[in-house]
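What follows is a short report on a single structure.
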Amino acid sequence: MEKIYLDNAATSRNKPETVKKAILNYYENIGCSPGRGGYEDSLQAGRLIIETRNTIADFFNVNDLKQIVFTHNITYALNIGIKGILKKGDHVITSTMEHNSILRPLNSLETSGIINVDYIKCDEKGRLNSKKVEAAINSKTKLIILTYASNVSGTLMPVKEVGKIASRNNIYFMLDTAQAAGVYDIDFQKLKVDFLAFTGHKALMGPTGTGGFAVSKKMAAQMEPLIEGGTGSKSDQEEQPDFLPDKFESGTMNTMGISGLKSGVEFIKKIGIKKIKEHELQLGKVFLEGLNKIPEIKIIGPANLREQMPTFSITAGAKDLGQLSFELDEKYNIMTRSGLHCAPFAHKTLGTYPEGSLRFSIGYFNTLPEIEFTLDALNKIL
Ligand SMILES: Cc1ncc(COP(=O)(O)O)c(C=O)c1O
């Protein structure tokens, strides 16, 4: 058996051939900075960026492609959103299942005395009760931030309900789609999102160094840019341009990565997100059934695919999980991730802090024989 990659929640490893070709094509045939020169190859680089904006806008159902801003990854996007919109005295609501890319910027603003945060406690399977979100709203609440799905237990959040709550109460809604984009159909307008953050290198199939956000024009107008500099526009002006996307896109763009991201999203559209989801859920079902048959294993999280995506965290009795991950790799060439997964609050919520869990995250390129082989390996080790 070839190497088996079950760490898709960290990044998607086997990129589509078209993604690799697009990256190569950029350096072989374009190689110039977009929006910085009037010569043909620079214009072509600029067109590539615009086309990718268009592809992403269409993918998340965003009206105007100018609402799409590119960043290096979702961590940058979330920081730009959080630090750009929040001002002294603002109140924020989030959940205890969030990733450090949300927790840490919130923590630094809170410990500096700028904002107050309510972390709504999820249950021991990571599930959030949306009524608790509504109950936490006060007159100072400016922002609700939520992940679409937990990167630890795969638990799906009630994003539809929370989007309605935010909209009804005139509060901005920020969504972290790091885990779900590319597997679940995420609609910016239907979910009533104001700030949809995405990362390019996970299920969107793009290369590392890509990501960004879609932002409502209303929220964008109220945000301060975190990073200012050259945009290739209004260069006679000392101030940062105030229009989208330039307001938030300073410095030379990662055109190589963005062209790969375009091909990644086109790949998803070609296969069909429904088919991708069905494939992953089918493998998840087999894996879940197999895990349930191993007495030493405890599944952390909902353990049903209606309430979670096919990312599974486990503990295994007294067995050290770092050791288990090591043995899976060493003896069976199976790649997994043990530890806290950059989400300490989530592990506290799930009862797995500070030891953490062992995570298996399924991706589109995984196959049924790989899942069966992994279950077999677990049975042999435990
Ligand atoms: C839910 C969630 N949010 C944010 C991130 C951060 O992603 P990136 O490292 O691409 O910025 C991750 C990465 O694992 C994640 O799982």
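When a ligand or atom number is given, it counts from 1 through the structure's own listing order.
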Would you check if the side chain of E98 reaches a backbone N or O of T147 as a donor-acceptor pair within less than 3.5 Å? yes
Donor-acceptor contact present, side-chain S361 to main-chain N8, <3.5 Å: yes
Going by the atom numbers of ligand 1, which of them fall below 4.0 Å from some non-hydrogen atom of [X]?
| X | result |
| --- | --- |
| N151 | 16 (O) |
| T147 | 1 (C) |
| T199 | 8 (P), 10 (O) |
| D176 | 1 (C), 2 (C), 3 (N), 4 (C) |
| Q179 | 14 (O), 15 (C), 16 (O) |
| N73 | 10 (O), 11 (O) |

Modelled atom types, side-chain donor and acceptor of D118 and H91, under 3.5 Å: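 On atom types as modelled, these side chains qualify, holding a pair under 3.5 Å.
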Give me the nearest non-hydrogen protein atom to [atom] as residue plus atom name, then the distance to 0.1 Å.
| atom | value |
| --- | --- |
| atom 7 (O) of ligand 1 | I74 CG2, 3.1 Å |
| atom 15 (C) of ligand 1 | H99 CD2, 3.4 Å |
| atom 14 (O) of ligand 1 | K202 NZ, 2.5 Å |
| atom 9 (O) of ligand 1 | T75 OG1, 3.9 Å |

So which of G209, S361, S101, A77 gets nearest to atom 4 (C) of ligand 1, if we judge by its closest heavy atom? S101
Tell me whether L146 shares a hydrophobic cluster with Y119, the cluster being built from Ile, Leu, Val, Met, Phe, Trp, Tyr side chains joined at under 4.5 Å.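 As far as the 4.5 Å side-chain criterion goes, Y119 and L146 are not connected within one cluster.
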Can you name the closest pair of heavy atoms from I50 and L65 and give their distance?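 That would be CG2-CD1, 4.4 Å.
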K131 and E134 ion-paired at < 4.0 Å: no
Answer yes or no for E98: is there a heavy-atom contact with ligand 1 below 4.0 Å?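 Per 4.0 Å heavy-atom rule, E98 does not contact ligand 1.
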Does ligand 1 have any atom sitting under 4.0 Å from a heavy atom of H201?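 Per 4.0 Å heavy-atom rule, H201 contacts ligand 1.
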May I ask you to decide if the ring planes of Y148 and Y184 are parallel, tilted or perpendicular, using 30° and 60° as cut-offs? tilted
With a 4.5 Å cut-off on side-chain heavy atoms, are H201 and P207 touching?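 The answer is no; the side chains never approach within 4.5 Å.
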Please report the C-alpha distance between K15 and S12 in whole Å, then the side-chain angles of each, then the deciding distance to 0.1 Å, and finally whether the side-chain hydrogen bond (donor to acceptor under 3.5 Å, both in side chains) criterion is met. CA-CA 7 Å; K15 307 294 179 187; S12 54; 2.7 Å; yes
